[in-house]
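No experiment lies behind these values; they were computed from the predicted model shown. Worth knowing before you read on, the calculation uses all heavy atoms, side chains too, and leaves out hydrogens, waters and symmetry mates. Counting convention: from 1, in listed order, for ligands and their atoms alike.
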Amino acid sequence: MKNVSLTPAVFHLSDAVNAIAKTYGDNPVVPRGPKLKPLLGRVQRKIGAALGSGDSHFPVMLTSSGSGALAAAVASAVPESGLLVVSNGAYGERQARYAKQLGIKTVHYALPYGVRPDVAEVERLAREHGVGAIGMVHGATSTCSMNPIKEVAKVARDVGAIFLIDAIASVFVDPIDMNDIDVLVASTNKALHANPDLAFVAVRNELMEEIAGRQGRAPYLDLGEAYLKQRAGSHPYTINCRALMEVEAALDQLESEGGVAGRHAIYKSRTDLLRAGYDRLGLKRFEHEGMPLQSIGTALMLPDGITYDQLATALADWDNGDGECYEIYSAQGKLSGSVFRIFNMGHYELATYERFLHALGETLARLREAK
Ligand SMILES: *Cc1c(COP(=O)(O)O)cnc(C)c1O
């Protein structure tokens, strides 16, 4: 049985990425040996090429999941004057929590989940508190919506603050103009379609030099320390070289699909198909004004009288003789009783989503009948 993952965390990957683990054991790369430098350099160059930031930003690679990169970015890049976090979902709240835990002066503009931030209020708060950085999530995974980064980037420029975005869920699939961004937090397992072993923070070159000149607030997750070593082709700690090779394979795969624009088109064909299907099945989307939908998935309202557990269990147990079952995703925090999420990430053919829509339709009909 193939467990099709309709989640944003772990899903099927391309054969090229999967092939690495099958041969790596016979030919490992020593993290401090001479083979690290060219490998690390290629990965960083290919990230720069994919994001169009090769000349402007340095991607510091870290062995961690995305949240480790978020902690490193906040701990290393935010100046003494503090951070304004604009939050409207679980990961913005996490960003504010990390900043506070690091002892950083934190101003938290906390909105209900999925509600568009008021740009004038962002500017007012930034000026009132004199913060040196503004942080926000780009693709908001908890609500499957997109935050207005262009508008908030302009505020950051106007008030002279660093603009830090958590693009863990959006980078490589929803286009980002890196000219707007000073610090971009990313991981390799979501839209890049590699395994969840590595993450990176791309920092604007001038800011990177500044960061390298001072000590970060968190040992180990110190971007300046890592940058100084990586610039010379090494890393201060053990880095996962198998994962680096998988990331390189994933970047080559992305390139073969036409880069970010090509992958965005693939995801759009998926969301077009799926959202039309949800409409046909009478499922209502979780949506707020002024917040476009994200490409990686869709948040939907649970139909009356059907619980998330019933729906998720029925789809996970789906057996129609075609060899597939489906794993969907609950909503986070305050939304978990009323909303659920279906993601469309990973290396799947469009026909997979057609079969899933069929399974979803049958499952909903059965659950409605059983009520
Ligand atoms: C998934 C996600 C994270 C957390 O990443 P982990 O790899 O689970 O640590 C943070 N921010 C956003 C926007 C995400 O989608």
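With a 4.0 Å cut-off on non-hydrogen atoms, Ser67 touches ligand 1 through its backbone as well as its side chain. Only the side chain of Lys190 comes within 4.0 Å of ligand 1, judged by heavy-atom distances.
Of the polar atoms of Thr141, at least one N or O is found under 3.5 Å from an N or O of ligand 1, judged by distance alone. Checked against a 3.5 angstrom limit, the closest N/O atoms of Asp166 and ligand 1 fall inside it. Looking at Ser65 next to ligand 1, an N or O pair under 3.5 Å apart turns up. Between Val137 and ligand 1, not a single N/O pair is under 3.5 Å apart.
In this structure, Phe340 and Tyr308 have tilted ring planes: the angle between them lies in the 30° to 60° band.
Rounded to the nearest 0.5 Å, atoms CG (Leu207) and CZ (Phe163) are 14.0 Å apart.
In this structure, Val137 shares a hydrophobic cluster with Tyr91, the cluster being traced through Ile, Leu, Val, Met, Phe, Trp and Tyr side chains under 4.5 angstrom apart.
Near Gly139, the atoms of ligand 1 lying under 4.0 angstrom from a non-hydrogen atom of the residue are 13 (C). Atoms of ligand 1 found under 4.0 Å from any heavy atom of Arg94 (numbered from 1 in listed order, with element): 4 (C).
The single protein non-hydrogen atom nearest to atom 3 (C) of ligand 1 is Tyr91 CE2, 3.3 Å, given as residue, atom name and distance. The protein atom (non-hydrogen) at minimum distance from atom 7 (O) of ligand 1 is Gly66 N, 2.9 Å.
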Would you be so kind as to tabulate the donor-acceptor pairs closer than 3.5 Å made by side chains of residues 80-90, with sequence neighbours excluded?
from, atom 1, to, atom 2, distance (Å)
Ser81, OG, Gly132, N, 3.0
Ser87, OG, His108, NE2, 2.8
Asn88, OD1, Asn147, ND2, 3.2
Asn88, ND2, Val115, O, 3.0
Asn88, ND2, Asn147, OD1, 2.8

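Between Lys154 and Asp158 there is a salt bridge, since at least one side-chain N of the basic residue sits less than 4.0 Å from a carboxylate O of the acidic one.
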Stepwise side chain to side chain donor-acceptor pair (under 3.5 Å) test for Glu93 and Tyr113: CA-CA 10 Å; Glu93 290 176 356; Tyr113 280 31; 3.1 Å; yes

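Under the 3.5 Å distance criterion, the side-chain polar atoms of Thr106 are matched with a main-chain donor or acceptor of Ile104.
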